[in-house]
Amino acid sequence: MLGQKVLWVPGSDHAGIATQAIVEKTLWKEQGLSRHDLGRDVFLETVWNWKNEKGDTIYHQLKSLGASLDWDRCCFTMDRNFSRAVAEAFIRLHEDGLLSRRKSLVSWSCALRSAISDIEVESRTLTGKTYLSVPGYQGKVPFGLLFSFAYPTEDGDDEIRVATTRPETMLGDTAVAVHPEDLRYQKFHGKKLRHPFSGMLIPVVTHNLVNPEFGTGAVKVTPAHSPVDFEMAQSLGLPMLSVIGENGAMTEASGDWIQGVQRFDAREKVISGLKERGLYRGDSEHSMHLPICSRSGDVIEHLLKSQWFVNCTTMAQKALEAVDSGCLKLTPSYHQKTWRNWLSNCSDWCVSRQLWWGHQIPAYCVTLAQPYQVDENEELWIAAHSETEARNKASVILGRPDEELHLRRGMSERLC
């Protein structure tokens, strides 16, 4: 319209999580089947059929509007050339040390059975007791409550009261923390408390992350289900106990009496158990921020999982320096504040998703062919376009012949 020659290339995104979620909902509604009932190959064929039927809607809309695009160049992010480019980017980042696999806390949607990125998490503000619909539950679940209960000391002659919005996670507590300068709890420093259900002795620890003004000033420490507790546990060397599984059910580590019970149903059982033991101290309405999955509407769980992470620290620093030096100008200039806030507080980016639809992660776990127990933290992962390429790389790194190597590729992990 301004007299310039332009090229508008049409293209569409495969929308990994959104597309798989829609197809799964449709399958369940129309046929009462899950993707596991169909199997991987048939499910992927179903997704492609859905994409071919529904995915071109946006193109028809553009044509109806009279938009002039070069339709001969139409592209899709799952096309072979694009998949190759995505794999190449992954491999280069891995070889440059900017992308690695490690065990850490991730934001997890039990409804999707997948990790999601932080930007896919919405924070819902609750001012008090609020009933919300949660996928997988027939009735609404109450949130916005602060529950108090007591941990008895090892000899049983005293107790520490703690407050939490998630009493069901207390089955994974490995310590109780207080602020080092909180005079109320100095007599408990170095003492042990007895867990009401497992009977395990857990320590009373001190840490500056504890807010003396929150609740009773003493907090339960559940490293495998809380980012703050995870950070605390890392600095203090505390064990990490995962008591909620990928599907939102309580795990074996939570105890036989509650294993398999869904997390918010387990909350009621834990409260009842505390009441029976005379350790429940009541509840009150509490304002809070509840993390919600923007894709599924599920309440986010923080789970300890082995995932792929991109190190964003160096890239963020370069982006900050570009603006500070004037090399990059933001218009209007007030966006610089948002730029700095975002990049100054960035964390490593979890890029792996537990999906069947999307770009399969081009990485192979390498072990020696003879069977032996491998420590998950010592696994060797090779990024490559094919198993042959990965095998050759691994042979050079390990100094072992090809026939001694066993390669395994994660079939249920895709890139976001």
Side-chain angles (χ1 to χ4, degrees), residues 16 35-36 38-45 78-106 108 113-115 223-224 230 234 237 239-242 245-247 251-253 303-314 348-416:
R35 60 183 161 118
H36 300 284
L38 291 184
R40 187 184 305 275
D41 292 339
V42 177
F43 177 75
L44 289 178
E45 182 181 343
M78 288 288 285
D79 290 343
R80 181 175 297 179
N81 289 342
F82 279 91
S83 291
R84 174 82 183 185
V86 169
E88 180 65 24
F90 184 99
I91 294 167
R92 291 188 190 184
L93 286 169
H94 185 260
E95 291 178 346
D96 290 343
L98 291 172
L99 194 156
S100 61
R101 185 177 178 86
R102 70 171 189 274
K103 199 167 192 177
S104 185
L105 274 194
V106 296
W108 186 272
R113 303 281 185 94
S114 176
F230 179 75
Q234 284 188 311
M240 303 188 189
L241 192 63
S242 297
E246 297 179 356
N247 62 348
T251 66
E252 182 180 0
L303 299 186
L304 192 59
K305 307 291 291 182
S306 292
Q307 299 289 306
W308 290 96
F309 294 88
V310 174
N311 184 338
C312 298
T313 305
T314 303
D348 288 354
W349 177 22
C350 177
V351 295
S352 44
R353 302 288 180 268
Q354 286 56 52
L355 302 171
W356 288 0
W357 169 251
H359 298 288
Q360 188 173 4
I361 291 177
Y364 300 79
C365 181
V366 183
T367 57
L368 297 179
Q370 63 265 29
Y372 69 99
Q373 193 68 29
V374 179
D375 187 335
E376 192 178 73
N377 296 319
E378 297 178 358
E379 290 178 336
L380 173 63
W381 285 87
I382 300 293
H385 286 289
S386 65
E387 181 174 334
T388 300
E389 181 183 329
R391 188 175 294 276
N392 291 337
K393 287 183 176 181
S395 180
V396 173
I397 293 173
L398 296 174
R400 307 295 285 266
D402 291 356
E403 57 269 19
E404 291 186 11
L405 304 179
H406 174 74
L407 274 67
R408 170 178 57 84
R409 188 177 188 182
M411 293 299 293
S412 296
E413 283 194 331
R414 296 294 186 271
L415 286 167
C416 64

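The figures here come from the full heavy-atom set of this structure, side chains too, leaving out hydrogens, waters and symmetry mates.
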Once salt bridge (charged side-chain N to carboxylate O under 4.0 Å, His left out) is applied, do any residues pair with [X], and if so which ones, sequence neighbours excluded?
X: Arg113; result: none
X: Glu88; result: Arg92
X: Arg408; result: Glu379
X: Lys305; result: Glu246

Among residues at least two apart in sequence or on other chains, which ones pass side-chain hydrogen bond (donor to acceptor under 3.5 Å, both in side chains) with [X]?
X: Ser242; answer: none
X: Ser104; answer: none
X: Arg101; answer: Glu413
X: Ser386; answer: none

Give me the atom names and distance for the closest heavy-atom approach of [X] to [Y].
X: Ile361; Y: Ser352; result: CD1-CB, 3.7 Å
X: Pro223; Y: Pro239; result: CG-O, 3.5 Å
X: Leu241; Y: Ala253; result: CD1-CB, 3.8 Å

Would you please name every residue forming a side chain to side chain contact (heavy atoms under 4.5 Å, CB included) with [X], sequence neighbours left out?
X: Arg409; answer: Gln360, Pro362, Tyr364
X: Leu398; answer: Val366, Leu380, Arg400, Leu405
X: Val310; answer: Leu99, Cys312, Met315, Trp349, Val351
X: Glu45; answer: Asn49

Handout entry: Aromatic ring proximity, centroids under 6.0 angstrom, Trp308 and Phe90
Key = yes
Exercise for the section: For this output row, return yes or no: ring centroids of His94 and Trp381 closer than 6.0 angstrom. Expected result: no
Handout entry: Under 3.5 Å side-chain donor-acceptor pair for Ser83 and His359
Key = yes
Handout entry: Heavy-atom side-chain proximity of Lys393 to Ile91 below 4.5 angstrom
Key = yes
Problem - Approximate separation, where rounding is to 0.5 Å, of Asn392 CG and Glu387 CD - result: 10.5 Å
Exercise for the section: State whether the side chain of Asn311 and the backbone N or O of Thr313 hold a donor-acceptor pair below 3.5 Å, judged by distance alone. Expected result: yes
